[in-house]
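Down below is the structure, laid out as structure tokens.
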2 protein chains.
Amino acid sequence: MPASKVNRFRRRLESLLPLSMADGDLLDRVLADPDLVPARADLVSRHDRKGGRLILVDGFAYQYRMLTSGRRQITAYLVPGDSYDLDAARENGSDHAVMALTSVRSVHLTTAEVAVLSLDHPSIAEGLRLVGRIEEATLREWLVNIGGRPALERIAHLFCELDRRLHAVGLVDQDRFEMPITQYDLADTAGLSSVHVNRTIQELRRQGLIALTGRSLTILDRPSLQALADFQPRYLRLRASA
Amino acid sequence: MPASKVNRFRRRLESLLPLSMADGDLLDRVLADPDLVPARADLVSRHDRKGGRLILVDGFAYQYRMLTSGRRQITAYLVPGDSYDLDAARENGSDHAVMALTSVRSVHLTTAEVAVLSLDHPSIAEGLRLVGRIEEATLREWLVNIGGRPALERIAHLFCELDRRLHAVGLVDQDRFEMPITQYDLADTAGLSSVHVNRTIQELRRQGLIALTGRSLTILDRPSLQALADFQPRYLRLRASA
DNA sequence: CGCACTCTTGAAAGTTGTCAACTCTCGTGG
DNA sequence: CCACGAGAGTTGACAACTTTCAAGAGTGCG
């Protein structure tokens with residue numbers, strides 16, 4: 001943990017609204033000592049005595065739901081700087097779970113801790129509400145994506161979204177970012193089979209839009225990829241989006 | 001407008017939390033004089049100088065999004081007693097629209113009016129937050145439905161949800177309710193073609209689960225239909241659900 | 001080195017979409 | 001009162017998309 005380590009959650013909130021120095025310092029303190037959680041661990045039910053509220057400092061996670069058919073549907077990704085269920089307005093019925101995709105560093109908060117944070121710091125409270133609204137808009141966007149677009153566009157849209165979200169927290173370097181999401185995960189995200197995801201990715205490669213090797217995705221032609229996906233990033237409410 | 005006409009929005013909120021007599025009376029007053037809007041009219045952009053916030057008194061509407069491909073994706077239905085965007089925490093980026101499915105009676109409110117309502121009446125504010133959380137849970141449920149279930153289960157799930165929601169506001173009579181949603185609408189809801197929706201409905205009929213003639217849907221075998229759809233109504237947070 | 005996981009590929013089957021036509025219902029106008 | 005026309009539902013044949021099954025290749029870690 002280098003001293004220069006940025007606080008991505010603070011960075012995330014500051015990309016949405018201005019925070020006072022005091023607010024920022026507080027966030028730095030809250031995130032000073034995250035838990036280390038291994039890949040494939042259940043992030044929420046594992047800590048649900050604390051209410052399941054968390055901030056992801058490092059690593060990837062996803063929110064999902066198991067169907068009785070055995071199918072898994074991923075309903076959201078959490079990337080560094082994202083939070084889960086911090087909007088105090090929510091009373092989580094826990095009809096879904098959150099799992100670490102990679103090993104993860106995360107801060108787990110109780111409902112009471114979030115409440116105190118919000119009461120004393122209106123800007124932070126406002127930021128958490130904003131984050132909640134963005135999550136909801138993203139959920140709607142995924143519904144439109146899965147319901148309305150064929151496989152190629154669907155996967156392309158997902159990559160466009162990850163690109164912009166990771167870019168916003170400084171995790172995109174030269175159109176290239178680490179994406180530790182397997183094709184099986186992508187399949188359960190997009191409502192496709194993993195075989196078809198594989199073929200779809202190959203088609204994206206063949207069209208010269210992306211390069212994907214191991215865990216590293218490179219956007220080779222962002223304009224074309226975004227055009228193919230009909231990607232309009234407004235829903236992410238980024239300040240300076242490309 | 002008979003004197004016995006129930007206020008379905010009040011009924012909806014009271015199904016979620018207790019309201020004082022004063023709160024209830026206020027809601028009756030707010031809803032006393034709804035606008036009449038014809039079918040196929042745009043409910044939100046038409047009134048968007050008022051911020052697009054509304055309460056549906058009578059009739060059906062839907063929230064949707066047009067893709068550049070020309071496809072329409074419906075992302076939510078509004079039934080009598082439902083509201084749209086009343087949760088004051090939201091700042092609607094209006095990346096979607098709301099259209100009347102039938103002729104509709106609706107009350108349109110400004111952001112300021114909602115704010116006053118909420119400030120003076122904490123229970124109502126809490127109710128609006130709850131409604132917002134339920135809408136979000138429903139959105140997630142639709143994502144799981146479309147992403148994870150084949151056509152037959154998908155349509156069945158949609159019917160199960162409509163049944164319970166309409167039941168909650170007193171619009172189900174003897175397992176039968178009016179459902180003015182065309183097969184074209186269902187197609188754009190479920191991410192299917194209208195032809196396939198038609199064949200799927202015929203299969204549901206063949207299995208003896210539903211009867212659907214004109215605008216009237218009868219649930220012939222609710223347990224089997226819910227089992228087929230893997231329908232778990234918890235997300236709707238109904239008091240007394242069957 | 002070997003196991004576990006992931007990625008890739010081929011062939012066949014299943015699901016869903018497209019196209020086109022026909023029927024039905026219902027409200028309007030003649 | 002009946003004809004007409006628009007919107008909605010239905011059907012068949014075919015095409016396209018996507019899944020399933022099965023097997024092999026690549027990769028990284030203990």
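Below, chains carry the letters A, B, ... as their sequence lines are ordered, and counting in each starts from 1.
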Rounded off to whole Å, could you give me the [atom1]-to-[atom2] distance for the [X] and [N] pair?
X        : N      : atom1 : atom2 : result
A:Leu192 : C:dG14 : CG    : P     : 20 Å
B:Arg71  : C:dT18 : CZ    : P     : 9 Å
A:Glu203 : C:dT8  : CD    : C1'   : 16 Å
B:Arg149 : C:dT16 : CZ    : C1'   : 18 Å
B:Leu217 : D:dG9  : CG    : P     : 12 Å
B:His196 : D:dG9  : NE2   : P     : 17 Å
B:Ile155 : C:dT16 : CD1   : P     : 10 Å

Counting any heavy atom closer than 4.0 Å, what does B:Arg205 reach on the DNA or RNA strands: base, sugar-phosphate only, or nothing? sugar-phosphate
- Query: Counting any heavy atom closer than 4.0 Å, what does B:Ile201 reach on the DNA or RNA strands: base, sugar-phosphate only, or nothing?
  - Reply: nothing
Can you check whether [X] has a side-chain N or O nearer than 4.0 Å to OP1 or OP2 of [N]?
X        : N      : answer
A:Gln202 : C:dT9  : yes
A:Arg154 : D:dC17 : no
B:Asn198 : D:dT10 : yes

_Between the base of D:dG7 and the side chain of B:Arg40, is there a donor and acceptor pair under 3.5 angstrom?_
no
What I want to check is whether the side chains of [X] and [Y] have a donor and an acceptor closer together than 3.5 Å.
X        : Y        : value
B:Gln202 : B:Asn198 : yes
B:Ser106 : B:His108 : yes
B:Thr75  : B:Arg65  : no
B:Thr68  : A:Asp230 : yes
A:Tyr184 : A:Arg72  : no

Closest to the [X] side chain, choosing from [options]:
X        : options                : result
A:Arg199 : D:dT11, C:dG17, C:dA11 : C:dA11
A:Ala151 : D:dA13, D:dT18, C:dC19 : D:dT18
B:Val195 : D:dT11, C:dG17, D:dT10 : D:dT11
A:Arg215 : C:dG10, C:dG17, C:dC7  : C:dC7

Heavy-atom nearest pair, A:Asp185 first then A:Tyr77, reads O-OH, 3.7 Å
Residues in residues 180-190 of chain A with a heavy atom under 4.0 Å of DNA chain C, by number, are A:Thr182, A:Gln183, A:Tyr184
Q: Begin from the C-alpha positions of B:Glu161 and B:Tyr235 and carry the test side chain to side chain donor-acceptor pair (under 3.5 Å) through to its verdict.
A: CA-CA 10 Å; B:Glu161 180 185 307; B:Tyr235 69 98; 2.7 Å; yes
